[in-house]
Amino acid sequence: MTQNPRQHQESVTVNASVEALYDLVSDVTRTGEWSPVCKTCWWDEEDSAGTVGAWFTGRNEVPGRTWETRSQVVAAERGREFAWVVGGKYVRWAFTMTPAESGTVLTESWEFLPEGIAMFQEKFGDNADAQIADRTQQALDGIPRTLAAIKQIAESVPAAQM
């Protein structure tokens with residue numbers, strides 16, 4: 001586990017192949033099964049789904065607030081990494097897979113990018129630091145919950161059904 005105020009990552013070992021885990025986490029339409037904030041996602045254009053450059057939309061919910069974001073896929077290497085950037089420049093999320101003796105080490109990472117910080121400062125003014133801290137805390141709380149849920153899904157379903 002690594003942390004700084006604007007990036008974080010955690011890992012879990014999952015009894016599944018790197019390919020099976022990639023296929024699971026790169027299917028953004030399943031995100032609502034494991035994310036504590038993002039309740040549903042859909043590809044903006046089905047013909048580019050899952051490829052670098054593809055855009056998808058996610059609907060997020062926390063108590064008292066619901067919003068949608070568009071994200072662009074920036075890495076799509078089966079069995080290694082699936083990553084996207086919210087708004088194309090604000091926050092980078094990624095799943096990486098590393099083979100291990102007992103399956104795969106799945107790492108989820110999050111980074112608040114400089115353009116995201118600048119956007120929050122412009123949008124929220126004097127309240128920007130509080131808003132950034134809130135989003136940061138959501139990521140810190142959500143990553144271990146997300147990894148635990150993905151692990152449970154991957155280990156409870158036969159690979160052919162994932």
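Bear in mind the structure is a predicted one, so any value in this text is a computation, not a measurement.
Not counting sequence neighbours, Thr96 has no partner by the side-chain hydrogen bond (donor to acceptor under 3.5 Å, both in side chains) test. Taking the ring-ring contact (aromatic ring centres under 6.0 Å, His included) definition, one finds that Tyr90 meets it with nothing, sequence neighbours left out. The side-chain hydrogen bond (donor to acceptor under 3.5 Å, both in side chains) test applied to Gln72 returns no partner, not counting sequence neighbours.
A pairwise comparison of heavy atoms in Leu140 and Pro144 identifies O-CD, 3.2 Å as the closest pair. Counting all heavy atoms, side chain and backbone alike, Val52 lies closest to Ala76 at CG2-N, 3.7 Å. Across every non-hydrogen atom of Ser26 and Phe82, the tightest pair is CB-CD1, 3.6 Å. The minimum heavy-atom distance linking Met97 with Thr104 is given by the pair CB-CG2, 3.7 Å.
Side-chain atoms of Ile150 and Leu24, non-hydrogen and from C-beta on, do get closer than 4.5 Å to each other. Between Thr29 and Phe56, every side-chain heavy-atom pair lies at or beyond the 4.5 Å cut-off. At least one side-chain heavy atom of Val62 sits under 4.5 Å from a side-chain heavy atom of Trp67. A 4.5 Å side-chain heavy-atom check between Thr69 and Thr57 finds every atom pair outside the cut-off.
Under the 4.5 Å side-chain heavy-atom criterion for Ile, Leu, Val, Met, Phe, Trp and Tyr, Met119 and Ile117 are members of the same hydrophobic cluster. Residues Trp55 and Val74 do not share a hydrophobic cluster, clusters being chains of Ile/Leu/Val/Met/Phe/Trp/Tyr side chains in contact below 4.5 Å. Linking ILVMFWY side-chain heavy atoms closer than 4.5 Å, directly or via other members, places Val18 and Leu106 in a single hydrophobic cluster. Residues Phe95 and Ile153 are members of one and the same hydrophobic cluster, defined by side-chain heavy-atom contacts under 4.5 angstrom among Ile, Leu, Val, Met, Phe, Trp and Tyr. Placement of Val12 and Trp93 within a single hydrophobic cluster is found when ILVMFWY residues are connected by side-chain heavy-atom separations under 4.5 Å, directly or transitively.
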| task | Output, in order, the C-alpha distance, side-chain angles, deciding distance and verdict of side chain to side chain contact (heavy atoms under 4.5 Å, CB included) for Lys89 and Leu113. | result | CA-CA 7 Å; Lys89 59 185 174 182; Leu113 301 172; 5.7 Å; no

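With values rounded to the nearest 0.5 angstrom, Leu147 atom CG is found 12.0 Å from Arg145 atom CZ. A distance of 5.5 Å separates CD1 of Ile132 from CZ of Arg6, quoted to the nearest 0.5 Å. The NE2 atom of His8 sits 13.0 Å away from atom CD of Glu111, with the distance rounded to the nearest 0.5 Å. Within the model, atoms OG of Ser17 and OH of Tyr22 stand 13.0 Å from one another, a figure rounded to the nearest 0.5 Å. The CD1 atom of Ile143 lies 8.5 Å from the CD atom of Gln9; values are rounded to the nearest 0.5 Å.
Counting only residues at least two apart or on different chains, the side chain to side chain donor-acceptor pair (under 3.5 Å) pairs with a member in residues 124-135 are Gln131-Arg135, Asp134-Gln138. The list of salt bridge (charged side-chain N to carboxylate O under 4.0 Å, His left out) pairs with a residue in residues 68-78, not counting sequence neighbours, reads Asp23-Arg78, Asp44-Arg70, Arg59-Glu68, Glu77-Arg80.
A distance-only check finds a donor-acceptor pair linking the side chain of Lys151 to the backbone of Thr13 [under 3.5 Å].
Checking each of Glu81, Glu115, Glu108 against Arg92 for a salt bridge (charged side-chain N to carboxylate O under 4.0 Å, His left out) leaves exactly one that passes, namely Glu81.
Ring geometry, Trp110 versus Phe112: the interplanar angle exceeds 60°, so the pair is classed perpendicular (tilted spans 30 to 60°).
Remark: Arg30 fails to qualify as a cation-pi partner of Trp34 under the 6.0 Å distance and 45° angle criteria applied to the six-membered ring.
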Quick one: side chains of residues 35-43, donor-acceptor pairs under 3.5 Å with protein atoms, not counting sequence neighbours, listed by atom name and distance.
residue: Ser35; atom: OG; partner: Val37; partner atom: N; Å: 3.2
residue: Ser35; atom: OG; partner: Cys38; partner atom: N; Å: 2.8
residue: Lys39; atom: NZ; partner: Pro36; partner atom: O; Å: 3.0

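Within 6.0 Å of CD in Glu122 there are 12 or fewer heavy atoms belonging to other residues, nucleotides or ligands.
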